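Worksheet for the structure shown next.
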Amino acid sequence: MSQSHIFILMIVIPLSFSQSATGKECVCDLKNLDPPFPKDELTKVETAVLKCIGSITSEKMTDLDRLVLGLQQRIKQLEDDVVMLEKANSNLYAAVSLRIIELEFGEIQDLLNKLNRTTSDYHHQGVQAAAQLDDMKGAMVELEKFDKMQVIKKYRENQMKKTLEQCKDELKASSPPPTASPGRCGLGQMVNVAGPRTSSITPYSTSYAYGAWGRDMKPAPGDENKYWLVVLTSSNVYGYYVRQYSTLSTLLLGLGLKDTYISNSNPTTNTIQGPNMVMYSNALYYNCYNTYSVCRFNMTTRAISTVALPSDTGYNNKFPFGHLATSYSYTDMDFATDESGVYVIYGTTSNFGNVVISKIETSNPPVLGQTWKTSLYKITATNTFMVCGVLYATRYLDKETEQIFYSYDTKTNKERYDLKIKFKKMQTNIEFLNYDPRDHLLYVYSDAYILTYELIFQ
Ligand SMILES: *[C@@H]1O[C@H](CO)[C@@H](O)[C@H](O)[C@H]1NC(C)=O
Ligand SMILES: *[C@@H]1O[C@H](CO)[C@@H](O)[C@H](O)[C@H]1NC(C)=O
């Protein structure tokens with residue numbers, strides 16, 4: 001570390017000040033021994049960023065709105081930060097800005113990759129932007145060499161230390177976590193998620209990335225061991241039949257199935273939209289095609305009852321689950337079962353796209369029961385489930401790890417954002433997640449894999 005250089009970049013011009021009271025004068029004359037800060041390079045980066053923004057905003061906004069918007073906002077942010085970095089080159093210019101810019105590059109790269117993957121229309125542009133980004137990255141690496149004060153290195157070291165300490169703390173804190181889950185339903189605090197206990201690809205192999213599965217939470221006598229599986233056969237959005245198996249092993253082997261059709265075609269009135277459905281008392285509860293309504297499909301009579309949610313409820317991919325720039329398509333409505341019945345979890349405009357929970361009374365006809373409004377922004381969660389009247393939300397940490405981070409207690413209306421219960425994923429995305437109060441397992445549909453995890457209570 002060249003400590004001798006430490007102030008050279010801070011004071012690059014002769015500096016003088018006078019003390020009029022005494023009439024004495026001090027003059028400091030510091031020489032900059034280093035090459036001057038390459039302002040031109042910075043300007044080039046800035047211009048490239050501007051060009052990048054220009055070419056992207058000129059594109060027609062399509063269904064890629066969200067992705068492009070995210071990219072735009074980040075590039076705008078990057079631009080602002082580069083400008084600040086430039087203005088601030090006479091003091092601690094490098095300290096935080098360079099690190100932030102580095103992170104922003106990472107995020108932009110990530111978004112660009114997704115953009116590139118999403119459609120061939122944007123292909124050309126994606127390649128161009130990536131090339132520009134590469135150039136900018138190179139330039140920024142050069143600029144980073146001017147970090148004579150080693151602030152970035154120090155910052156990184158500190159970050160690493162912090163992460164290690166956090167890691168230690170989390171290990172210590174892993175039992176008990178800060179969840180004040182009440183001792184209802186004869187269960188203590190939820191302390192851990194173990195597993196996966198079972199893991200298998202669906203009998204459809206990798207054909208369908210979106211789907212749902214589980215058991216009937218309130219089975220008719222004789223149906224206790226039955227399993228159901230629904231795959232979204234059209235565009236990862238729509239499904240039109242329910243497949244049932246007599247046991248878990250027949251499901252895993254793909255034997256002895258029975259299909260019950262909601263409709264003959266897909267999608268059409270009352271077919272399934274989105275993956276987050278549940279089976280309760282021999283009826284399937286789901287978001288039906290192109291409406292803000294809950295549909296209940298009677299597996300015996302194939303009759304359908306509907307319950308309308310508030311008219312500002314998000315549907316057709318308005319308030320889906322998601323993470324960063326990805327949303328899980330058409331996950332506007334999530335159904336959940338716990339010890340006390342069926343709930344629907346959704347977002348409304350009047351609640352700013354935040355999660356709303358409604359009980360569904362499973363009477364005949366079904367009706368909307370009590371409703372709770374939360375502050376959880378729906379798109380920041382991957383999925384939710386309910387245990388003993390408490391809603392839990394998970395979020396994406398990385399490809400291998402999901403974390404239960406949030407809870408809302410419908411008895412006390414208390415919310416928490418500080419839960420830190422992690423579990424290992426086998427695949428990147430979770431399209432469906434639900435709790436079965438009969439076996440305390442979480443049933444998960446993850447990129448064509450079906451898994452169970454065990455919830456551990458204190
Ligand atoms: C975008 O995708 C194409 C083909 O799918 C690939 O050749 C190219 O390298 C990708 N560009 C980036 C920036 O990932
Ligand atoms: C399904 O229909 C049957 C026959 O009408 C009825 O007995 C049963 O209660 C219905 N199930 C639900 C969940 O409505």
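Predicted model, so just to flag it, every value in this text is computed and none were measured. Numbers for residues simply follow the sequence, beginning at 1.
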Ion pair present between Asp223 and Arg215, side-chain N to carboxylate O less than 4.0 angstrom?
no
Passes side-chain contact (heavy atoms from CB on, under 4.5 Å), Met386 versus Glu339? Steps please.
CA-CA 9 Å; Met386 304 264 319; Glu339 289 73 3; over 6 Å; no
Centroid-to-centroid, Phe321 to Tyr328, below 6.0 Å?
no
Could you tell me whether the side chains of Thr306 and Ser293 share a donor-acceptor contact shorter than 3.5 Å?
no
With Gln403, the side chain to side chain donor-acceptor pair (under 3.5 Å) member among Arg395, Lys422, Lys420
Arg395
Under 30°, 30 to 60°, or over 60°: which ring-plane class applies to Tyr443 and Tyr227, parallel, tilted or perpendicular?
tilted
With side-chain contact (heavy atoms from CB on, under 4.5 Å) as the test, would you mind laying out the steps for Leu248 and Leu252 before giving the verdict?
CA-CA 6 Å; Leu248 181 59; Leu252 298 180; 4.1 Å; yes
May I ask you to decide if Pro196's main-chain N or O and Ser199's side chain share a donor-acceptor pair within less than 3.5 Å?
no
Below 4.5 Å, heavy atoms only, C-beta onward: do Val294 and Leu309 meet side chain to side chain?
yes
Where do Pro267 and Tyr238 come nearest, in terms of heavy atoms and distance?
CB-CG, 3.4 Å
Report the C-alpha separation of Val242 and Leu229 in whole Å, then their side-chain angles, then the decisive distance to 0.1 Å, and conclude whether the side-chain contact (heavy atoms from CB on, under 4.5 Å) test is met.
CA-CA 6 Å; Val242 184; Leu229 171 68; over 6 Å; no
For the residue pair Thr233 and Asn266, confirm or rule out a side-chain donor-acceptor distance under 3.5 Å.
yes
Do Asp332 and Asn316 touch side chain to side chain, with heavy atoms closer than 4.5 Å?
no
Tell me if the CZ atom of Phe352 is crowded by more than 12 foreign heavy atoms within 6.0 Å.
no
Where do Tyr377 and Asn354 come nearest, in terms of heavy atoms and distance?
CA-OD1, 3.3 Å
Asn225 vs Thr247, side-chain hydrogen bond (donor to acceptor under 3.5 Å, both in side chains): CA-CA, chis, key distance, verdict
CA-CA 5 Å; Asn225 291 320; Thr247 63; over 6 Å; no
Under 30°, 30 to 60°, or over 60°: which ring-plane class applies to Phe405 and Tyr417, parallel, tilted or perpendicular?
tilted
Do the side-chain N and O atoms of Ser340 and Tyr343 include a donor-acceptor pair separated by under 3.5 angstrom?
yes
Are side-chain heavy atoms of Met279 and Pro219 found at a separation under 4.5 Å?
no
What distance do Ser246 atom OG and Lys226 atom NZ have between them, rounded to the nearest 0.5 Å?
8.5 Å
Within the side chain of Arg296, is there an N or O that forms a donor-acceptor pair under 3.5 Å with the backbone of Ala303?
no
I'd like to know if the side chain of Asn429 and the backbone of Asp447 have a donor-acceptor N/O pair within less than 3.5 Å.
no
Does any N or O in the side chain of Lys399 come within less than 3.5 Å of the main-chain N or O of Met426, such that one atom is a donor and the other an acceptor?
no
Check ion pair Arg197-Glu454 (N to O, under 4.0 angstrom)
yes
Can any side-chain N or O of Lys378 pair as donor or acceptor with the backbone N or O of Gly353 at less than 3.5 Å?
no
OG1/Thr337 to CZ/Arg438 distance, rounded to the nearest 0.5 angstrom?
10.5 Å
I want to check something: taking the side chain as every heavy atom from C-beta on, are Thr362 and Pro366 in contact at a cut-off of under 4.5 Å?
no
For Pro275 and Ser329 the tightest heavy-atom approach is CD-O, 4.2 Å
How are the rings of Phe385 and Tyr392 set to each other: parallel, tilted or perpendicular (split at 30° and 60°)?
parallel
Between Lys414 and Asp409, is the closest basic N to carboxylate O distance under 4.0 Å?
no
dist Cys295:SG -> Tyr289:OH (nearest 0.5 Å) comes out at 13.0 Å
Rounded at 0.5 Å granularity, tell me how far OG in Ser265 sits from OH in Tyr240.
8.5 Å
Side chains of Asn351 and Thr348: is there a donor and an acceptor less than 3.5 Å apart?
no
State the CE-OH distance between Met190 and Tyr435, to the nearest 0.5 angstrom.
8.0 Å
Start with the C-alpha distance between Leu284 and Asn298, add both sets of side-chain angles, then the distance that settles side-chain contact (heavy atoms from CB on, under 4.5 Å), and finish with yes or no.
CA-CA 7 Å; Leu284 189 76; Asn298 188 319; over 6 Å; no
Contact check, side chains of Glu402 and Lys425, non-hydrogen atoms, under 4.5 Å:
yes
How long is the span from the CZ atom in Phe335 to the OH atom in Tyr346, to the nearest 0.5 Å?
10.0 Å
Is there a donor-acceptor pair closer than 3.5 Å between any side-chain N or O of Thr374 and the backbone N or O of Leu376?
yes
What one should report as the nearest heavy-atom pair of Tyr445 and Tyr210 is CE2-C, 3.5 Å
Report yes if some heavy atom in the side chain of Met333 is under 4.5 Å from a heavy atom in the side chain of Ile345; otherwise report no.
no
If you look at every heavy atom in Cys288 and Asn270, which pair is closest and at what distance?
CB-CA, 3.8 Å
Identify the heavy atoms of Asn317 and Thr331 that sit nearest to each other, and give their distance.
OD1-N, 4.5 Å
Say whether, by atom type as modelled, one donor and one acceptor occur between the side chain of Ser235 and the main chain of Val237 under 3.5 angstrom.
no
Test item: side-chain donor near acceptor, Ser358 and Gln370, under 3.5 Å:
no
Other residues, nucleotides, ligands: >12 heavy atoms within 6.0 Å of Asn264 CG
no
Checking Asn287 side chain against Thr291 main chain: does a donor-acceptor pair fall under 3.5 Å?
yes
Evaluate side-chain hydrogen bond (donor to acceptor under 3.5 Å, both in side chains) for Thr300 paired with Asn282, printing each intermediate quantity in order.
CA-CA 7 Å; Thr300 313; Asn282 208 32; 2.8 Å; yes
Okay, side chain of Trp213, backbone of Val444: is any donor-acceptor separation there less than 3.5 Å?
yes
Is there a donor-acceptor pair closer than 3.5 Å between any side-chain N or O of Gln273 and the backbone N or O of Asn290?
yes
Do the non-hydrogen side-chain atoms of Leu441 and Leu455 ever get within less than 4.5 Å of each other?
no
Exercise: do Thr271 and Ser263 side chains pair donor with acceptor under 3.5 Å:
no
Can you confirm whether Thr384 sits close enough to Tyr406 that some side-chain heavy atom of one is under 4.5 Å from a side-chain heavy atom of the other?
no
